[in-house]
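Written out below as structure tokens is the structure these notes cover.
For the numbers below, each heavy atom of this structure counts, side chains included, while hydrogens, waters and symmetry mates do not. One-based numbering along the sequence shown. Not measured: the values here are computed from a predicted model.
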Amino acid sequence: MVSAYALFTHPIPSSSSSSSSSSIDSPLSYSLTPPSFATFRNHEWSSSLLKLAKTPRPRPNSLLTQLGLLLPSSQFLLQCSSNPVTADIGTVFSLLQAVGIDDKETKQLLEKNPALVFASLDSLRARIECFNSVGLDGLVLSNLITKCPNLLTAEEIDPFLSFVRHDLEGNIEPGQLKRLFRAADVRFLAGFDDKVGLLLRRGVSDEKIVDVLNKVNLYKALCLKSVEEIDRTITFVSRFGGIDLIMRRPSLLNYDLETQLAPRVEFLTEVSGGDENATGVLLGKLPAILSYTVDHTKGHVELLRSFAGLSDEPIFKILLVFPNVVSASRERKMRPRIKFLKECGLSSNDIYKFLIKAPLFLGLSFEDNIAYKLVFLVKIGYRYRTRDMAAAMGSATRTSSDNLQRVIELFLGYGFSCADIVVMSRRHPQILQYSHSALEKKMQYLINDMGREIEELLAFPAFLGYKLDDRIKARYEVKRKILGEGMSLNKLLTVSSESFTPKTPAYVIDLNVE
């Protein structure tokens, strides 16, 4: 058993005359055997020593007097077994000053954490070096120590820093460690290595573990939770995507399983009609959807139910297509957009079909995006708040304002009027969303290689939707050898691949046949 006692340098009467020849500054000059100590019982030792430390001393150290510290001496002896370690308070001050802590702050630290007085200088230096080795130094470290002085003395710190430095190769971001030390009671650092080990055993790869730890709230995700709690969270999530979901969205570990994570997943499963597989698909597309509270997500679902007139099945399909709908403001974006669609004459089923094709309509900025596109559509001849306008807006939603403008300019440059563009886009609204550069290549091939008139696009604008190399060129080259130049663009491209089996006409005679 380790015995520890302190010898304070204050005058204590001694029965031995030889004591007068010893220096008063030497802690070894006195023993702890005066009559006032003889009657102490073991269980009274701590409180009595504390009273002794608070009694006035006739010759206080000048440094302590200047600082106003009620410490017994400028020197102490901490004896563990037979190995005494001495430290000078002035040296402690110098050590902390080197970290960036001034005398006033040091005085406050010693008052808050008297254990600093009894810590060896070697241990303090080693602790500071450990903090430096994981990226905590300078002003960051001095602020941490000032706020949490037990960081220099708590037993739990060394194993934690050693694990971070060696097992995790010092790759935890200093900012993460700073937030952890500012928030956490150091007692909760115990067992940190076991919890990281659990994540590895449950499937987090060695390559991903540091990334996971840098993206969670270490205090909430690991320190405050037991190994069993973390294991239950992983087991629950395994039904909806498993550890891969956590590696993609590590912050899921921050949430409490019973009050946060499970209720959010269960609500989404309820909207899916109880289909856990479909819920897993949704979470796989956007794990961040679980960062929203049940009340938040329920508000979005309820708006689609009551205002758009949709049932849970189409609502969940919209969520699958565009999970970020839950991030759109209900009153600033969703309600006005749905109102616009209703004013254009769309039924609930029409709104569902629109949102499946153009869900971004609910999330895009009006001022920076939608307003510009509406202006373009009105300028070329679309009437505001009509079904045609809604269909064109759906296509325009899926492209940028710049590309939409370039598409319109391209058609005008090839001789089409604004009315022609409206006619083509009514028949095939997607032409408004195609890349202007891809459209130009197809139009050039139609004119230069196929020898057709550009006006043919008025009757069959869907030509612009087929892939140039894989469909248009490939089929044209095959049919041209058989049918010549005159062929219907519609028949050339719309027939299925299975039915597209070129046959040699009956009148073609093989002259090589004997």
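Between Arg249 and Leu245, the closest side-chain pair of non-hydrogen atoms is not below 4.5 Å. Between Leu180 and Leu189 the shortest side-chain heavy-atom distance falls below 4.5 Å. Using a 4.5 Å heavy-atom cutoff, the side chains of Val301 and Lys298 are not in contact. When side chains are defined from C-beta on, Leu493 counts as touching Phe463, because their heavy atoms get closer than 4.5 Å. For the pair Leu268/Thr297, a side-chain contact is recorded, criterion being any heavy-atom separation below 4.5 Å from C-beta on. Side-chain contact between Ser425 and Tyr382 is present, with heavy atoms from C-beta onward closer than 4.5 Å. Within the 4.5 Å cutoff, the side chain of Asn143 has no heavy atoms near those of the Lys178 side chain. The shortest distance between side-chain heavy atoms of Val237 and Leu261 falls below 4.5 Å.
The side chain to side chain donor-acceptor pair (under 3.5 Å) contacts involving residues 261-270 comprise Thr269-Thr279, where partners must be two or more places apart or lie in separate chains. Pairs of residues two or more places apart, or lying in two chains, that qualify as salt bridge (charged side-chain N to carboxylate O under 4.0 Å, His left out) and include a residue from residues 216-243 are Arg202-Asp231, Arg239-Glu276. Applying the ring pair (Phe, Tyr, Trp, His ring centres under 6.0 Å) test to pairs two or more places apart or on separate chains, those with a residue in residues 130-159 are Phe131-Phe181. Legend: side chain to side chain donor-acceptor pair (under 3.5 Å) pairs involving residues 343-362, not counting sequence neighbours, sorted by first then second residue: Glu343-Arg385, Ser347-Asp350, Asp350-Arg387. Every pair passing salt bridge (charged side-chain N to carboxylate O under 4.0 Å, His left out) that includes a residue from residues 322-334 is listed here, sequence neighbours excluded: Glu331-Arg335.
Interatomic distance, Ile243 CD1 to Thr235 OG1, rounded to the nearest 0.5 Å: 9.5 Å. Annotation: the span from Phe361 atom CZ to Thr397 atom OG1 amounts to 6.0 Å, rounded to 0.5 Å. Between atom CE of residue Met247 and atom CD1 of residue Ile209 there is a gap of 9.5 Å, rounded to the nearest 0.5 Å. In this structure, Ile246 CD1 and Leu253 CG are separated by 4.5 Å, a value rounded to the nearest 0.5 Å. Here the CE-CG distance, from Met334 to Leu355, works out to 8.5 Å after rounding to the nearest 0.5 Å. Here CG of Leu222 is found 5.0 Å from CD1 of Ile230. Values are rounded to the nearest 0.5 Å.
Heavy-atom minimum distance, Ala328 versus Leu362: CB-O, 3.5 Å. The two residues Ala390 and Leu346 make their nearest non-hydrogen contact at CB-CD1, 3.7 Å. Annotation for Ile101 and Ser142: closest pair CG1-CB, 3.9 Å, computed over non-hydrogen atoms. Across Met389 and Leu374, no two heavy atoms sit closer than the pair SD-CD2, 3.9 Å. Gln260 and Tyr255 make their closest contact through OE1-CA, 3.2 Å (heavy atoms, listed as atom of the first residue, atom of the second, distance). The minimum heavy-atom distance between Asn254 and Ala221, with the atom names listed, is OD1-CB, 3.4 Å.
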Going through the checks in order, is the side-chain contact (heavy atoms from CB on, under 4.5 Å) test met by Leu218 and Arg179? CA-CA 8 Å; Leu218 291 173; Arg179 287 187 288 272; over 6 Å; no
Take Ile351 and Leu304 through the side-chain contact (heavy atoms from CB on, under 4.5 Å) test and state the conclusion after the steps. CA-CA 10 Å; Ile351 292 174; Leu304 292 172; over 6 Å; no
Run the numbers on Val407 and Leu439 for side-chain contact (heavy atoms from CB on, under 4.5 Å), then give the verdict. CA-CA 8 Å; Val407 166; Leu439 287 179; 3.9 Å; yes
Would you sort out whether Met424 and Phe411 count as a side-chain contact (heavy atoms from CB on, under 4.5 Å), showing the intermediate values? CA-CA 10 Å; Met424 288 190 293; Phe411 285 128; 3.9 Å; yes
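Side chain of Asn150 to main chain of Thr153: no donor-acceptor pair is present (N/O by atom type, distance under 3.5 Å, no hydrogens or angles). Side chain of Asn113 to main chain of Pro149: a donor-acceptor pair is present (N/O by atom type, distance under 3.5 Å, no hydrogens or angles). The main-chain N or O of Leu213 is found under 3.5 Å from a side-chain atom of Gln176 such that the two form a donor-acceptor pair. Not a single donor-acceptor pair under 3.5 Å links the side chain of Asp102 to the backbone N or O of Thr106.
Arg398 pairs by the salt bridge (charged side-chain N to carboxylate O under 4.0 Å, His left out) definition with nothing, not counting sequence neighbours. Taking the salt bridge (charged side-chain N to carboxylate O under 4.0 Å, His left out) definition, one finds that Asp402 meets it with Arg406, sequence neighbours left out. Annotation: salt bridge (charged side-chain N to carboxylate O under 4.0 Å, His left out) contacts of Arg187 (sequence neighbours excluded): Asp185. Remark: Arg426 engages Asp388 in a salt bridge (charged side-chain N to carboxylate O under 4.0 Å, His left out) (not counting sequence neighbours).
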Throw together a table of side-chain donor-acceptor distances under 3.5 angstrom for residues 309-316, partners on residues two or more places apart or in other chains.
unit_1 : atom_1 : unit_2 : atom_2 : d
Asp312 : OD1    : Arg305 : NE     : 2.8
Asp312 : OD1    : Arg305 : NH2    : 2.9
Asp312 : OD2    : Arg305 : NH2    : 3.1

List the atom pairs, donor and acceptor, that lie under 3.5 Å between side-chain atoms in residues 280-293 and the rest of the protein, sequence neighbours left out.
unit_1 : atom_1 : unit_2 : atom_2 : d
Lys285 : NZ     : Leu320 : O      : 3.0
Ser291 : OG     : Ala288 : O      : 2.5
Thr293 : OG1    : His296 : N      : 3.1

Pairs of donor and acceptor atoms involving the side chains of residues 156-164, under 3.5 Å and at least two apart or interchain, shall be tabulated with distances.
unit_1 : atom_1 : unit_2 : atom_2 : d
Asp158 : OD1    : Arg127 : NE     : 2.8
Asp158 : OD1    : Arg127 : NH2    : 3.4
Asp158 : OD2    : Arg127 : NH2    : 3.1
Ser162 : OG     : His166 : ND1    : 3.4

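For Glu302, the CD atom is densely surrounded, since the number of other residues' heavy atoms within 6.0 Å is greater than 12. Residue-environment remark: CZ (Phe307) exceeds the threshold of 12 foreign heavy atoms within 6.0 Å.
Between the side chains of Lys373 and Asn369, a donor-acceptor pair is found at a separation under 3.5 Å.
Two rings, from Phe188 and Phe192, have their centers 6.0 Å or more apart.
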